[in-house]
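Notes follow once the structure below has been shown.
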Amino acid sequence: MKGTSGIRFDKPGTDPTDGDDDWCGIFTGAKRDLKSRKQELVRNAILDAAIALFEKKGFDQTDVAEIAEAAGISKRSFFRYFATKDDLLARSVMEYGAVLVAAIRSAPRQSTDLEVIHRTLLAGVHYNEQPEARARQLIAISTSHPTARQAYLSRKHLVEDAVAEAFASRARNVRRDDLRVRLLAGITLALMNATIGAWFLGEEKTLEAAAKHAEAELEKITTFNTAPLNSKKKGRGKEVDLR
């Protein structure tokens with residue numbers, strides 16, 4: 001995506017996750033010591049066991065006791081890692097959000113809006129590629145079961161707030177609820193959703209190809225602006241097909 005003029009980011013702001021237990025262990029930048037690595041392995045084992053059961057029995061038909069047994073832990077141990085069954089799916093959304101926020105905050109200070117969005121889109125793509133199979137499984141489960149979808153999206157507003165705060169923190173005297181900041185967050189998340197959707201539905205074979213396609217479509221929309229889908233409009237001295 002071509003960089004264009006926009007907000008120039010200068011100084012960091014406050015962390016949107018301060019005092020928010022939902023981000024505990026995700027945004028805090030906790031040390032990757034032996035204990036934390038072991039805990040992450042257990043979390044992944046629980047999630048993998050849960051995904052297998054959700055695919056086999058369905059989300060609503062699977063209970064915590066079955067997930068714990070499949071993961072080789074006690075039900076009590078399960079609750080040390082996840083508050084509820086729904087939290088299994090919600091946590092993956094939070095981790096994904098943390099990746100996007102980190103990409104925004106680490107972008108060079110001279111970056112334009114679109115350059116930061118591009119960098120963030122690539123970070124989201126790389127996150128979902130590792131492991132790609134799990135990302136596909138989670139999407140399939142959430143789209144097949146309404147209750148699972150609700151659980152999967154239950155933290156979506158927190159991710160949107162955190163992404164907006166990350167953009168705001170890079171500019172002087174800009175708040176998270178400013179219109180431009182909200183617009184940047186919305187475009188970033190819309191691009192990510194379109195990318196993942198195109199890949200999951202088979203429109204593109206890889207997430208990277210889907211991301212390039214999504215950015216190309218956004219550039220068409222912003223360049224030629226007013227033409228609706230499946231219509232032709234003259235632009236820059238030639239006929240442009242936006243299909």
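Here the structure is a predicted model, which means the values were calculated and not measured. Residue numbers count from 1 along this sequence. Below, all heavy atoms of this structure are taken into account, side chains as well, without hydrogens, waters or symmetry copies.
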Pair [X] + [Y]: basic N to acidic O under 4.0 Å:
X      : Y      : result
Arg155 : Asp86  : no
Asp177 : Arg175 : yes
Arg43  : Glu40  : yes
Lys212 : Glu204 : no
Glu95  : Arg91  : yes
Glu217 : Lys220 : yes

Per the side chain to side chain contact (heavy atoms under 4.5 Å, CB included) rule, which among Leu183, Asp178, Ile117 passes with Phe167?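 Going through Leu183, Asp178, Ile117 one by one, the side chain to side chain contact (heavy atoms under 4.5 Å, CB included) with Phe167 is satisfied by Ile117 alone.
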Would you indicate whether Lys75, at its atom NZ, is surrounded by more than 12 heavy atoms from other residues, nucleotides or ligands within a distance under 6.0 Å?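 At most 12 heavy atoms, drawn from other residues, nucleotides or ligands, come within 6.0 Å of this atom.
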Distance, nearest 0.5 Å, that separates OG1 of Thr206 from CD of Glu129: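 Between Thr206 OG1 and Glu129 CD, I get 7.5 Å after rounding to 0.5 Å.
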Out of curiosity, Ser144 OG to Phe59 CZ, how far, rounded to the nearest 0.5 Å?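 If I round to the nearest 0.5 Å, the distance is 12.5 Å.
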Do any N or O atoms from the side chain of Ser106 and from the backbone of Ala102 form a donor-acceptor pair under 3.5 angstrom?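 Judged by distance alone, yes, a pair lies under 3.5 Å.
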Tell me the closest heavy-atom pair linking Ala214 and Thr195, and the distance in Å.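 So the two residues come closest at CB-OG1, 3.6 Å.
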May I ask you to check whether Asn128 and Arg136 show a side-chain donor-acceptor distance below 3.5 Å?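 Side-chain D/A pair, Asn128 to Arg136: absent.
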